[in-house]
Amino acid sequence: MGKVPVRQINVTRKVNLTQKEPVFSDNFSIRDIGGLLAEGDMLQELHRHDFFYILFLEKGKGDHIIDFNSYTIYDHSVFVMRPGQVHSLLLKAESTGYLIQFVPDFYNSGDKLSNQLLRKASKLNCYPLSADSTSKIQVVLNYIFQEYMSKQEGYQEVIKAGLNIFFIEMVRQQQYSKVPFKESSPYMQERLDEFLQLLETHILSHKQVSQYAEMLNLSNYQLNTITKTTLGKTCSQLINEYVILESKRYILATSDQVNQLAYHLGFEDVSYFIRFFKKHTGYSPEAFRNN
């Protein structure tokens, strides 16, 4: 049974000449992209991470696919990827900027305010920046990079403070671009976050609203009210969307047959899985893979 490759930040690695992944020695890393691309383009095949992955590009050229959304890489841009998302990347050698990677606990450490800020900043995968915003952010990231390289006393706290400024700027960019995100009560947002985390963990075995409502000690009605208020979607819609997304990840990242895919995704009836996938995408699994 094939699996989508998962890269972890808490394992020290040597730099791979094809992947050009940096060496990790702790739960946070910031690297100068110019240094990573000194020997040529960065080419990463389809994979996923168990950590946050951020590309800040002063200059950029290439292609980036994140959860089957395709982006052309350009100057003055930021890409933010959440743990679990699948991506492939071609970054041309003339690109400059920073690559930042960290596990969630490094930044929020149970701090609700930090968690909310990170959640808001990571709602979008791609941020276009103005030249002024790029310069402003680069000053902050330059300082974080210097702290990371020198590792003087208290450097991690300084880095976290710098990340606060960076994420606040990302949230402001959403406001500048008039991205329509709904604000909700802290309680509803907290319960939504819990639900989405449960989806991430249990989607292969749990596909019923009642199962998630029970884990959250809520009624089906209460959980649906939360998802409708915060995201404008029913709980069933979110479950189905996540099943389809996970199906797409495995269809394109593995060579498994449809019956193997169906079994892995928790479908006992292969024909039902094929009908379900086609209903939500317009393609059979094999047609989606071929296209």
Given Asp63, Ile73, Leu36, the one that forms side-chain contact (heavy atoms from CB on, under 4.5 Å) with Leu91:
Ile73
Could you list the donor-acceptor pairs under 3.5 angstrom formed by side chains in residues 194-201, with sequence neighbours left out?
residue: Glu194; atom: OE1; partner: Arg191; partner atom: NE; Å: 2.8
residue: Glu194; atom: OE1; partner: Arg191; partner atom: NH2; Å: 3.3
residue: Glu200; atom: OE1; partner: Tyr242; partner atom: OH; Å: 2.5
residue: Glu200; atom: OE2; partner: Tyr242; partner atom: OH; Å: 3.2
residue: Thr201; atom: OG1; partner: Gln197; partner atom: O; Å: 3.1

Dump the intermediate steps for side-chain hydrogen bond (donor to acceptor under 3.5 Å, both in side chains) on Gln173 and Glu169, then the final yes or no.
CA-CA 6 Å; Gln173 291 299 317; Glu169 187 61 30; 3.1 Å; yes
Without swapping roles, check the side chain of Gln174 against the backbone of Lys120 for a donor-acceptor pair under 3.5 Å.
yes
Strictly distance-based, threshold 3.5 Å: is any side-chain N or O of Gln211 a donor or acceptor partner for the main-chain N or O of Gln208?
yes
Report yes or no: is the cationic atom of Lys160 (NZ for Lys, CZ for Arg) closer than 6.0 Å to the six-membered ring centre of Phe102, at no more than 45° off its axis?
no
So how far is it from Leu117 CG to Asn164 CG, rounded to the nearest 0.5 Å?
6.0 Å
Say whether Tyr283 and Tyr250 are linked into one hydrophobic cluster, either directly or through other cluster members, by side-chain heavy-atom distances under 4.5 angstrom.
yes
May I ask whether Phe56 and Tyr74 are part of the same hydrophobic cluster, defined by side-chain heavy atoms of I, L, V, M, F, W, Y residues being less than 4.5 angstrom apart, directly or through others?
no
Kindly indicate whether the side chain of [X], heavy atoms from C-beta on, has any atom under 4.5 Å from the side chain of [Y].
{"X": "Ile159", "Y": "Lys151", "result": "no"}
{"X": "Phe68", "Y": "Arg249", "result": "yes"}
{"X": "Val243", "Y": "Phe277", "result": "no"}
{"X": "Ile65", "Y": "Leu46", "result": "no"}

Short N-O contact, Arg48 and Glu246, less than 4.0 angstrom
yes
Do His87 and Tyr53 have their ring centres less than 6.0 Å from each other?
yes
Using the six-membered ring wherever Trp is involved, compare the ring planes of Phe28 and Phe106 and label them parallel, tilted or perpendicular (cut-offs 30° and 60°).
parallel
More than 12 heavy atoms of other residues, nucleotides or ligands under 6.0 Å from OH of Tyr143: yes or no?
no
